[in-house]
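What follows is a single structure, written as structure tokens, with notes after it.
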Amino acid sequence: MESACRKDKPKLNSTPTRGDRSRQKSAQQELKHRQRAEIYALNKVMTELEQQQFEGFCKQMQSQSES
């Protein structure tokens, strides 16, 4: 009786095909490359800011010692 009430659903092929896996891998590599580039750019900006702040600190300390 139970099997008569149950509707058979067609099974969906959930395993990615070779082309899908290749596209996913390529997309992941592109994402990693972009994130890495963003991290390097951010690191450069932060280093420049740190250098500017250090130079300002040195000038401030020098002007205080002259006074």
Side-chain angles (χ1 to χ4, degrees):
M1 184 83 173
E2 184 179 323
S3 63
C5 294
R6 184 176 51 167
K7 292 183 180 179
D8 290 329
K9 294 180 182 178
K11 291 186 178 181
L12 297 175
N13 189 3
S14 62
T15 58
T17 62
R18 195 175 289 182
D20 290 340
R21 284 184 291 213
S22 177
R23 280 190 291 269
Q24 285 177 345
K25 187 174 182 179
S26 176
Q28 285 178 340
Q29 287 176 341
E30 186 176 324
L31 178 64
K32 283 183 181 181
H33 179 70
R34 189 182 56 148
Q35 287 175 335
R36 188 179 197 99
E38 289 174 359
I39 289 170
Y40 282 131
L42 181 60
N43 189 34
K44 181 180 178 183
V45 169
M46 294 299 290
T47 302
E48 290 171 355
L49 178 61
E50 183 180 14
Q51 185 63 34
Q52 288 174 0
Q53 289 178 339
F54 179 70
E55 289 171 359
F57 172 75
C58 289
K59 287 179 183 178
Q60 183 182 10
M61 295 304 289
Q62 187 177 20
S63 68
Q64 285 180 357
S65 67
E66 291 174 354
S67 298

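Just so we're clear, the structure is a prediction, and the values are computed from it rather than from any experiment. When a residue number appears, it is its place in the shown sequence, counting from 1.
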Fill in: Whether over 12 other heavy atoms sit under 6.0 Å from Glu50 CD
no
Response to the item:
With sequence neighbours left out, the residues meeting side chain to side chain contact (heavy atoms under 4.5 Å, CB included) with Met61 are Phe57, Gln64
Worksheet item: Should Arg34 and Leu31 count as side-chain neighbours, where that means a heavy-atom distance under 4.5 Å?
Response: yes
Worksheet item: Apart from Leu49 itself, what residues make up its hydrophobic cluster when side-chain heavy atoms of I, L, V, M, F, W and Y under 4.5 Å apart count as a link, directly or indirectly?
Response: none
Worksheet, complete the sentence: To the nearest 0.5 Å, atom NE2 of His33 lies from atom CD of Glu38 at 10.5 Å
Practice prompt. Kindly compute the distance separating CD (Gln29) from CZ (Arg36), expressed to the nearest 0.5 Å.
Written response: 12.5 Å
Response to the item:
Output for pair (Asn43 CG, Met46 CE), nearest 0.5 Å, gives 8.5 Å
Response to the item:
Applying side-chain hydrogen bond (donor to acceptor under 3.5 Å, both in side chains) to Glu66 and not counting sequence neighbours gives none
Worksheet item: When you look at CD of Glu55, are more than 12 heavy atoms from neighbouring residues, nucleotides or ligands closer to it than 6.0 Å?
Response: yes
